[in-house]
Each structure stands twice: as structure tokens, then as C-alpha cells.
Amino acid sequence: MQRGRCIPPDLTMEERRELENIRCRKVELLLEIQRLREELNEAIFDVEGLDLLEGSKTLQRSKHIGMGRKKFNMDPKKGIQFLVENELLRNTSEDIAQFLYKGEGLNKTAIGDYLGERDDLNIKVLHAFVDLHEFTDLNLVQALRQFLWSFRLPGEAQKIDRMMEAFAQRYCYCNAGVFTSTDTCYVLSFAVIMLNTSLHNPNVREKPTAERFVSMNRGINDGGDLPEDLLRNLYESIKNEPFKIPEDDGNDLTHTFFNPDREGWLLKLGGGRVKTWKRRWFILTDNCLYYFEFTTDKEPRGIIPLENLSIREVEDPRKPNCFELYIPNNRDQLIKACKTEADGRVVEGNHTVYRISAPTPEQTAEWIKCIRAAVSIDPFYEMLAARKKRISIKKLEQP
């Protein structure tokens with residue numbers, strides 16, 4: 001017996017040595033197996049640690065991307081800057097455009113604001129963004145539906161002009177020969193957008209007919225007329241199904257009135273048969289003048305859009321420090337405004353002018369200055385007029 005193990009007595013000396021060698025080798029192999037097991041366990045532990053680390057990095061990356069989206073929705077430029085600085089987005093027009101086109105978790109109003117900016121990078125992003133849309137073999141209404149759903153069109157005239165110009169260029173590239181120039185596509189696109197508003201806005205009483213739509217768009221094809229069938233088909237498409245406009249989830253009343261251009265108590269002259277002065281809390285923001293009965297009211301009693309209005313200081317025998325909002329060159333035309341009646345009904349305003357009195361001359365001057373800065377001209381009419389003028393000039397220049 002050796003090392004506590006039994007050796008058969010009938011083995012020769014040679015066989016005994018061989019058996020002992022086998023037993024030693026077995027011990028060595030068992031030790032080797034144990035060592036390999038320990039190494040394997042260490043390797044598994046290291047891999048699991050790497051997986052946990054990688055998972056943690058992925059989680060951290062997702063959190064940063066989520067934070068970047070929130071920053072973008074509050075301030076698009078700062079959001080993009082945050083994502084670039086944290087190496088979550090490459091600072092190229094193509095990558096930024098792809099990020100906006102996917103739109104995951106992004107406010108479509110913020111997308112529209114970013115695409116409309118005039119900085120060189122923003123303009124490159126706009127064109128890269130538009131190039132991601134495939135308009136081949138789509139009629140103009142179908143292409144506009146796709147385009148206007150990918151962001152919310154901003155209100156500033158210059159932003160709209162750049163975006164619709166980019167759309168017209170892309171559409172004409174994808175559908176060569178449909179229009180003689182991008183100007184034609186541009187003008188007709190605006191005509192379709194305005195037709196959508198006219199047909200489906202309940203405040204528009206006189207709905208345009210197909211004949212009127214065709215007539216309004218005569219001569220826009222570099223001086224020639226577009227096929228009547230094409231225009232009638234566009235008309236019917238919009239009549240049967242209005243554009244779906246993305247909801248502006250950042251445009252609730254709390255957001256609207258959070259940082260006004262100016263606010264304060266003013267006296268407003270009523271528009272009814274009996275003219276009485278009423279004290280109202282006025283807020284000037286987003287190119288509109290809102291007035292409330294009390295500062296604690298959540299919804300305004302009236303809204304006066306400042307689009308196409310003018311303002312002037314006036315004298316009134318009953319109240320000092322007065323100014324008026326009015327439509328220039330349209331003495332009897334009602335200002336497009338609305339108010340809430342006592343029973344909760346929202347009705348159209350009945351003012352041809354809004355006469356308002358401030359507490360002091362200084363406040364009158366300040367209100368006039370702020371309102372004048374906020375007054376906007378309807379971008380559609382200005383831009384369409386300029387583009388139609390360009391088309392007419394081209395026609396005159398033709399031999």
C-alpha cells in the first residue's frame with residue numbers, strides 16, 4: 001500500500017510502477033481541470049462584468065439622448081449642441097437631418113423652428129431633411145401631406161419662404177416635367193395650403209369653388225396655365241381630406257402666457273351698441289393681444305390677432321392716453337378677432353377698430369412700441385405676390 005491506496009499483490013514490480021504513474025497523472029489532471037475551472041469562472045466573471053459595464057454605458061447613453069431631446073424641445077440649437085458635445089450626434093447636416101427626420105421624442109414645432117433658421121448649418125440641414133422625403137410619382141397634394149406632417153410649419157414669413165422653396169426644389173427634382181419651374185410649384189403649393197384653410201376653417205363662411213381655385217391659379221406656369229384637370233384634382237383632394245397638421249404640444253395657454261412681450265391693466269372700449277369702457281388685463285405675446293377679466297383667469301375673454309393691423313395714438317374726449325388698432329385702407333372691415341360670451345360661447349368680434357386707454361402717457365407709448373414690434377403681415381400674401389411678380393417678369397422677358 002502506498003499513499004493510502006491499495007495495490008493488488010499479484011502485480012509485478014513493473015506493473016506497480018506503471019499503476020503509480022497513472023495515479024500520479026490522474027492527480028495532476030484533476031489539479032489541471034480544477035485550475036481550468038477557476039480560470040473559466042474568472043473569465044465568465046470578467047465577461048459578465050463587461051456586459052454590466054456595457055449595459056451601464058448603454059443606459060447612460062439612452063439617458064443622455066433623452067436629455068438631449070428634452071433640451072431640443074425647449075431650445076433646438078442648445079439641444080443639438082448638447083448631443084454633439086456628448087458624441088451622441090455627429091455635427092454634420094446629414095446626421096442632424098436624419099435625427100430630425102426620425103423625430104423620436106421630438107416636438108414638431110421645435111423641428112420646424114430649427115429647420116427655418118437662416119444660419120448656414122440650419123439651411124444645409126433643411127435641404128438634407130427635405131432630400132430624405134421621396135416625392136417621386138406623388139401629386140402635389142400627396143407630397144405636401146407627407147412634408148407638412150414631418151414638422152410644424154413656423155409662423156415667420158422668412159422661415160416659411162425658405163422651407164417652401166426647398167420643398168418646391170425637391171418636388172420638381174423628383175417629378176421632372178410636371179411644372180416648368182420651381183416658382184410655379186412654390187406658388188401652387190401656397191395656393192393649396194390656403195385652399196385647405198378656406199375649405200376647412202369654420203370661420204371662413206364663403207368656401208371657394210373649384211372654378212374659383214382654377215381661376216386664381218391662371219398664368220402661374222411661367223405665364224401659361226396649368227392643366228385644368230390637374231387643378232381640379234388638387235381641389236377635390238383637399239376638399240375630401242384636409243391636411244393633418246401635427247399637434248403643437250408646446251402651445252398650451254400656460255406656455256403661451258409664460259413669457260409675454262408686455263402685460264398690464266388697460267381700459268377697452270366695447271364694440272356693442274352701448275359703448276362702455278371695461279377694465280381688462282392685457283397680455284401681448286406671439287403676435288396676439290389677449291385680454292382677461294381677471295389676472296387669475298386661465299383662459300382669455302378675447303383674442304386679437306395682430307396680423308395685418310396697424311396702431312395709432314388717438315384722442316378721446318372721455319379717456320386720456322388712448323390708442324387704436326385698425327385695418328389700414330379698410331374703414332368698414334371687421335377685425336378678425338374672437339371673444340367669449342358670458343354663457344361660454346366663442347363668437348367673432350364686432351370691432352372695426354379697438355380703442356384702448358392706458359393709465360399714463362408713458363405706458364401708452366410703451367404699449368404702442370411693443371404692439372408695433374409684434375404686428376405681423378400675413379406671410380402668404382407677401383411671398384405669393386413677390387413670386388407671382390417674378391413669374392410675370394419672366395413672361396415679359398421671353399422673346
Side-chain angles (χ1 to χ4, degrees), residues 1-115 119-122 124-134 136 146 149-152 246-247 249-250:
M1 181 164 314
Q2 295 181 11
R3 297 183 184 177
R5 288 175 294 184
C6 180
I7 297 177
D10 57 342
L11 294 179
T12 64
M13 185 63 65
E14 186 67 25
E15 289 172 336
R16 289 185 178 189
R17 280 198 297 270
E18 185 67 23
L19 178 61
E20 186 63 22
N21 288 336
I22 291 171
R23 285 175 172 171
C24 289
R25 182 60 182 157
K26 178 182 177 182
V27 171
E28 290 175 356
L29 289 172
L30 288 173
L31 289 172
E32 182 68 13
I33 289 170
Q34 181 62 30
R35 187 183 65 79
L36 290 172
R37 278 178 178 168
E38 289 174 356
E39 286 185 3
L40 180 60
N41 286 335
E42 286 180 9
I44 291 172
F45 181 80
D46 289 342
V47 169
E48 287 177 345
L50 286 172
D51 287 343
L52 287 172
L53 182 62
E54 197 61 35
S56 177
K57 286 181 179 178
T58 302
L59 183 62
Q60 191 70 16
R61 177 184 173 84
S62 297
K63 285 183 177 179
H64 274 93
I65 290 174
M67 192 181 302
R69 288 175 180 148
K70 288 181 180 178
K71 286 180 179 290
F72 178 88
N73 291 339
M74 291 186 289
D75 186 323
K77 284 193 174 182
K78 288 184 179 178
I80 295 294
Q81 182 182 352
F82 174 86
L83 291 167
V84 169
E85 288 176 351
N86 284 275
E87 298 181 353
L88 303 169
L89 183 66
R90 289 170 55 197
N91 194 27
T92 67
S93 56
E94 291 77 13
D95 283 70
I96 297 173
Q98 191 71 242
F99 172 71
L100 301 181
Y101 184 75
K102 289 180 180 178
E104 250 181 85
L106 301 182
N107 180 314
K108 292 192 176 183
T109 299
I111 295 175
D113 286 339
Y114 184 85
L115 292 173
D119 293 350
D120 289 344
L121 176 61
N122 295 70
K124 289 178 182 177
V125 172
L126 168 62
H127 285 277
F129 178 86
V130 175
D131 286 347
L132 292 171
H133 289 78
E134 183 50 66
T136 303
Q146 182 189 134
W149 182 248
S150 61
F151 65 97
R152 190 176 178 91
E247 290 296 326
D249 49 10

Which word best sums up how the rings of Phe129 and Phe151 line up, parallel for under 30°, tilted for 30 to 60°, or perpendicular for over 60°? perpendicular

Rounded to the nearest 0.5 Å, what separates atom CD1 in Ile65 from atom CE in Met67? 11.5 Å

Does atom CD of Gln34 have more than 12 heavy-atom neighbours, drawn from other residues, nucleotides or ligands, at distances under 6.0 Å? yes

Tell me, with the steps shown, if Thr12 and Glu14 meet side chain to side chain donor-acceptor pair (under 3.5 Å). CA-CA 5 Å; Thr12 64; Glu14 186 67 25; over 6 Å; no

What is the distance from atom OH of Tyr101 to atom CG of Asp131, rounded to the nearest 0.5 Å? 11.0 Å

So do Phe72 and Leu83 actually touch side chain to side chain, heavy atoms under 4.5 Å? no

Rounded to the nearest 0.5 Å, what's the gap from CG on Leu126 to OH on Tyr114? Could you check? 10.5 Å

Under-4.0 Å salt bridge between Arg17 and Glu20: no

Residue pair Ala128 / Ala97: nearest heavy atoms and the distance that separates them: CB-CB, 3.6 Å

Check whether any side-chain heavy atom of Leu115 sits under 4.5 Å from a side-chain heavy atom of Val130, and report yes or no. no

Any chance you could lay out the side chain to side chain contact (heavy atoms under 4.5 Å, CB included) test for Lys77 and Asn122, step after step, and finish with the verdict? CA-CA 9 Å; Lys77 284 193 174 182; Asn122 295 70; 4.0 Å; yes

Counting heavy atoms not belonging to Arg16, are there more than 12 under 6.0 Å from its CZ? yes

Is there side-chain contact between Ile80 and Val125, with heavy atoms separated by less than 4.5 Å? no

Should the pair Glu32-Arg35 be classified as a salt bridge under the 4.0 Å nitrogen-to-oxygen rule? yes

Identify the heavy atoms of Ile96 and Arg90 that sit nearest to each other, and give their distance. CG1-O, 4.0 Å

Given the rule in the side chain to side chain contact (heavy atoms under 4.5 Å, CB included) test, do Arg25 and Ile22 qualify, once you have shown the distances and angles that lead to the verdict? CA-CA 5 Å; Arg25 182 60 182 157; Ile22 291 171; 5.6 Å; no

Run the side chain to side chain contact (heavy atoms under 4.5 Å, CB included) test on Asn73 and Thr109 for me, step by step, so that the C-alpha distance in whole Å, both residues' side-chain angles and the decisive distance to 0.1 Å come before the verdict. CA-CA 8 Å; Asn73 291 339; Thr109 299; over 6 Å; no

Measuring from atom CZ of Phe99 to atom CZ of Arg69, what distance do you get when rounded to the nearest 0.5 angstrom? 6.0 Å

Asp120 atom CG: more than 12 heavy-atom contacts under 6.0 Å: no

Provide the closest heavy-atom pair for His133 versus Ser150 in the form atom of the first, atom of the second, distance. NE2-OG, 3.2 Å

Please evaluate residues Asn91 and Leu121 with respect to the criterion side chain to side chain contact (heavy atoms under 4.5 Å, CB included), reporting the C-alpha separation (whole Å), side-chain torsions for both, the decisive distance (0.1 Å), and the verdict. CA-CA 9 Å; Asn91 194 27; Leu121 176 61; 3.9 Å; yes

